[in-house]
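Chain identifiers are assigned alphabetically (A, B, ...) following the order of the sequence lines, protein sequences preceding nucleic acid strands; residue numbering begins at 1 within each chain. We use all heavy atoms of the structure for the numbers below, so side chains are in, but hydrogens, waters and symmetry mates are not.
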Amino acid sequence: MAATTSDRVAIALACAGCHSPQSEAMVDLTDYGADPMRQALMRYRSETDGTTVMHRLARGYSDADIELLAAYFDVGAPTP
Amino acid sequence: MNRIDRRTILRTLGLGAATMALPWTAFAKTQARIVIIGGGFGGASVARLLASLLPSAHITLVDANATYTACPFSNLVLGTDRLLSDQEFGYAGLESLGIKVLTALATDVDPIGKTVTLQSEETLSYDRLILSPGIDMRWNAIQGYDEAAAKQFPHAWKAGPQTTLLRNQLDALEDGEPVLMSVPTAPFRCPPGPYERASMIAHYLKTRKPRSKLIVLDGKDSFSKMALFQEAWAEHYPDHLEWRGASDDGTVSRVDTAGGSVETDFETFTAPVINIIPPQKAGLIADRAGVSDATGWCPIEPLAFESTLQPGIHVLGDATIAAPMPKSAFSANLQAKICALGVARLVSGLEPQSTVLANTCYSFTTPEEAISIAGVYSNKNNNLESISGAGGVSPMGADKAIRAAEAAQARSWFKTITTGAFG
């Protein structure tokens, strides 16, 4: 079944627990974009000796989960 | 016509503005009446997201207090120069979104007639009720520890006057006098919280009452982030903190306010400052609504956090039985947002959907250093469970830069979570 807007929003809700324009110590995900999101999560997940919070979290997300997150953060082409 | 676009969602959630509008109109038309009781991290967050998802709905938030006093970071009020006012948040941000905020005590719920009764005897009708009532203490679970005793031996496990009382007692302590803390068995609000508090009180003693010592009497033998806390305590507080577990006679069974003492099986401890963190249960309104079970906590289904005991009533946060998700502000905030999405779908005739959930909790070991625990969870197949291979705690033996980085992340988290909930 094709992913819905609800699917994309739901999985991104956890990100917003830490990431915001107010989060000086964590990257603001506003306009982060699909490719950087996919690459960052894949990198965190593949670094088996990584110990940051993001390493520990990324290990819980499947390829399909990461694609959903990337789709959520796809800012696309700027609108006129 | 209302359009819920990605920009709105991101801004609502604290993820900021984005450039691409994503039309999302399925939820826009319902005029459902949604009542939320409890304006903490769960209640305020669910109200905020529902106001965006269901702009035509009538959303009412009821809390007994006009100001919310946050528990996360309140241990720093006890042990450092942080002020209680840094913990306080109002509801003007929610009101600006069209949410009706009532400062009132909800005294009863009729799940059949779908009404909430307030202390004023006013009643509110609802289509969906969301309870985020936090915790109440199990008075007398420790013999002699009741509401009156808490005025002498503060719990400070709801931030506010109790926090100030405990801090004032620490300030009045003579150098050399002991401090006692009692910690209950699980489940309780904020599993690593007592040990962060122990760290902050030990820091206070080390810097201001260096001949004094904190003795922690614990009703269990292991606890959240235990090895990391003990590593920090050995480094920073070898002379200012002693922890005794259950098998070392750590379980406090009785308090004596007249004698200024607490009792374990074999010993009586006397101290001028005694912090009792008592056993807990879901906030009282959960009992009135019939959503708590014999454990004192509230069973829920994990897709929209609807009570398994009372259809039409959702329960969030510390009050729920949501293990392996901990009773944390992060969990309450995320459960609230998942619930908002689920309720928006339910009132629009759609089923709630499964997703991936997460939690992160930071704890300070010194004012400049913190440690963390994270978890990732699935709610597929109506079962909330940890995703194996994910989550875990900060590395042992890490250098100060890593601990300082997590302290900075903790401060950022607090800004994000409070802005996300209260605006």
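With hydrogens and angles ignored, the 3.5 Å screen pairs no side-chain donor or acceptor of B:Lys415 with any backbone N or O of A:Glu24. B:Asn379 contributes a side-chain N or O that, together with a main-chain N or O of B:Pro302, makes up a donor-acceptor pair within less than 3.5 Å.
For the set B:Ser394, B:Ala405, B:Ala408, the entry with the most heavy-atom pairs within less than 4.5 Å of chain A is B:Ser394. Heavy-atom pairs under 4.5 Å with chain A peak, among B:Gly342, B:Ser372, B:Gly389, at B:Ser372. The candidate from B:Ala358, B:Ala329, B:Pro395 with the greatest count of non-hydrogen atom pairs under 4.5 Å with chain A is B:Pro395.
For B:Ile373, the part lying near chain A is the backbone, with the side chain staying farther off; criterion is any non-hydrogen pair under 4.5 Å. When heavy atoms are compared at a cutoff of 4.5 Å, B:Ile338 approaches chain A by way of both its backbone and its side chain. Looking at B:Tyr377, there are no atoms closer than 4.5 Å to chain A (heavy atoms on both sides), in backbone or side chain.
In this model, a donor atom of one side chain and an acceptor atom of the other lie less than 3.5 Å apart for B:Ser331 and B:Ser328.
Contact check on B:Arg128 versus B:Glu306 returns a salt bridge, with a Lys/Arg side-chain nitrogen under 4.0 Å from an Asp/Glu carboxylate oxygen. Using a 4.0 Å cut-off between charged nitrogen and carboxylate oxygen, B:Lys400 and B:Glu368 do not count as a salt-bridge pair.
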